[in-house]
Amino acid sequence: MSRPVFRFAPSPNGLLHLGHAYSALLNAQMAAQADGRLLLRIEDTDESRSRPEFVAAILEDLAWLGISWETPVRIQSEHFADYRANLERLWDMGAIYPCFCSRKKAQADGLPNRDPDGQSHYGGTCRGVSRADAEQRIARGDTHGWRIDMAQAGDPKAAVWGDAMIAKRHVGSSYHIAVVTDDALQGVTHVVRGLDIEPATPLHKLLQGLLGLPSPLYIHHDLIRDAEGHKLSKSLSSTSLRELRGDGTTAEDIRHRLGFG
Ligand code: GLU
């Protein structure tokens with residue numbers, strides 16, 4: 001029997017905080033208990049927010065915490081061709097369409113429903129563009145992203161997203177298509193991640209179904225909150241592991257504080 005495969009997949013757009021430490025330690029613990037493997041993946045497809053210094057900090061902070069992972073580490077920005085190949089397959093089956101609307105226009109024409117990220121559902125302006133027209137516009141270099149055609153792809157659980165963007169303008173990929181592609185390519189069997197990402201799971205399962213990829217087992221853990229009960233986040237500059245370490249906190253203290261012995 002092949003061994004279970006777990007992964008920790010941070011985005012390098014800030015320093016790791018206690019919430020990340022919890023997720024990483026939980027993955028490491030579950031992998032150890034199951035005699036499984038632990039992979040680390042750097043999710044840096046959003047090049048406007050990712051920084052190389054945060055990649056270096058992630059590797060250093062995880063090692064300091066006492067976590068070990070298999071190498072090589074998969075860096076998503078080195079694999080756009082893999083995401084592209086899956087996008088092409090989805091387009092060939094009519095499950096996605098290119099969207100030429102600017103972000104502003106898409107929001108202005110949006111439907112009243114909101115997706116779990118708080119964005120209006122896309123109103124569908126580009127859904128009706130014929131394939132020939134779309135190909136012509138792509139060939140002449142019109143900026144475009146790719147949206148899932150929920151009516152075609154059909155799954156009521158994923159429909160809360162509306163025609164979600166699965167490849168962003170200027171980037172040619174997005175978290176959703178990249179995560180599904182990589183979990184399959186890397187043979188991930190167990191996805192252990194925070195409850196904040198749980199709303200995206202039906203969309204990920206839908207993409208797996210369309211692409212004929214195996215669906216891992218999903219486990220969504222509670223989020224670590226600060227003393228006031230707020231969710232920790234990099235953007236709110238929650239206390240980073242680095243800062244805690246600078247104040248004299250040891251890796252042992254952190255493991256203990258998060259309930260790992
Ligand atoms: N890269 C995502 C994040 O840092 C996590 C993705 C996942 O675990 O599926 O929020």
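In what follows, every heavy atom counts, from backbone to side chain, and hydrogens, waters and symmetry copies are set aside.
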To the nearest 0.5 Å, how far apart are CD in Gln107 and CZ in Arg103?
7.5 Å
Side-chain contact, heavy-atom cut-off 4.5 Å: Ser120 with Leu111?
no
Do you see a donor-acceptor pair shorter than 3.5 Å between the side chains of Ser48 and Asp46?
yes
One pair to check against ring pair (Phe, Tyr, Trp, His ring centres under 6.0 Å): His17 and Tyr22. What are the steps and the verdict?
CA-CA 9 Å; His17 55 61; Tyr22 180 76; over 10 Å; no
Hey, does His121 have a side-chain heavy atom less than 4.5 Å from the side chain of Asp115?
yes
Is there a donor-acceptor pair under 3.5 Å between the side chain of Asp44 and the backbone N or O of Ser77?
yes
Just so I know, are the side chains of Ile96 and Asp149 near enough to count as touching, which here means a heavy-atom distance under 4.5 Å?
no
Gap between atom CG of Asp142 and atom CG of Asp133 - 0.5 Å precision
11.0 Å
Counting distance only, does the side-chain N/O of Thr143 pair as donor-acceptor with the main-chain N or O of Arg169 below 3.5 Å?
no
What's the separation between atom CZ in Arg49 and atom CD in Glu47, rounded to the nearest 0.5 Å?
13.5 Å
Among side-chain atoms of Glu43 and Ser11, is any donor-acceptor pair under 3.5 angstrom?
no
Is any NZ, NE, NH1 or NH2 atom of the basic residue among Lys105 and Asp109 found under 4.0 Å from an Asp or Glu carboxylate oxygen of the other?
yes
Close side-chain approach of Ile177 and Thr45, heavy atoms under 4.5 Å:
no
Arg131/Asp92 ion pair, N-O < 4.0 Å
yes
If you define the side chain from C-beta out and look only at heavy atoms, does anything of Leu18 sit under 4.5 Å from Leu241?
yes
Show your reasoning for whether side-chain contact (heavy atoms from CB on, under 4.5 Å) applies to His144 and Arg137.
CA-CA 9 Å; His144 61 282; Arg137 292 182 70 174; over 6 Å; no
Looking at Tyr97, is Arg147 sitting on its ring face, NZ or CZ under 6.0 Å from the six-membered ring centre and within 45 degrees of the normal?
no
Will you find, in the side chains of Arg193 and Thr201, an N or O donor that is under 3.5 Å from an N or O acceptor?
yes
State yes or no: are the ring centers of Tyr83 and His176 separated by less than 6.0 Å?
no
Is the shortest side-chain N to carboxylate O distance from Arg7 to Asp182 below 4.0 Å?
no
For residues Phe6 and Leu39: do they belong to one hydrophobic cluster (side chain heavy atoms under 4.5 Å, members Ile, Leu, Val, Met, Phe, Trp, Tyr)?
no
Single-linkage hydrophobic cluster, 4.5 Å side-chain cutoff, Leu16 and Leu25 together
yes
Is there a path of hydrophobic side-chain contacts, each under 4.5 Å between heavy atoms, that joins Ile42 and Trp69?
yes
Could you check whether Asp82 and Thr181, counting side-chain N and O atoms only, form a donor-acceptor pair closer than 3.5 Å?
no
In this structure, OG of Ser240 is separated from CZ of Phe54 (nearest 0.5 Å) by 9.5 Å
Same apolar cluster: Val5 and Ile75, side chain cutoff 4.5 Å:
no
If I take atom CD1 from residue Ile166 and atom CG from residue Asn86, how far apart are they, to the nearest 0.5 angstrom?
9.0 Å
Asp61/Arg245 under side-chain contact (heavy atoms from CB on, under 4.5 Å): CA gap, chis, key distance, verdict
CA-CA 9 Å; Asp61 290 349; Arg245 182 171 153 194; 3.4 Å; yes
With heavy-atom distances below 4.5 Å as the criterion, would you say the side chains of Leu207 and Leu213 are in contact?
no
Under a 4.0 Å N-O cut-off, is there an ion pair linking Arg242 with Glu60?
yes
Determine whether a donor-acceptor pair (N or O, by modelled atom type, separation under 3.5 Å) exists between the side chain of Thr189 and the backbone of Pro4.
no
Donor-acceptor pair, Asp163 side chain versus Met150 backbone, under 3.5 Å?
yes
Side-chain touch Gln119/Arg114, heavy atoms, less than 4.5 angstrom:
no
Report yes if the side chains of Tyr218 and Val192 come closer than 4.5 Å at any heavy-atom pair, otherwise no.
no
If you measure from the Lys or Arg side-chain nitrogens to the Asp or Glu carboxylate oxygens, is any gap between Arg41 and Asp183 under 4.0 Å?
yes
Under 3.5 Å, is there a donor-acceptor pair between the Ser50 and Asn13 side chains?
no
With rounding to the nearest 0.5 angstrom, report the NZ to CG distance, Lys205 to Leu210.
14.5 Å
hydrophobic_cluster_shared for Leu87 and Met93, side chain cutoff 4.5 Å:
yes
Below 30° counts as parallel, above 60° as perpendicular, anything between as tilted: where do the rings of Trp146 and Trp91 land?
perpendicular
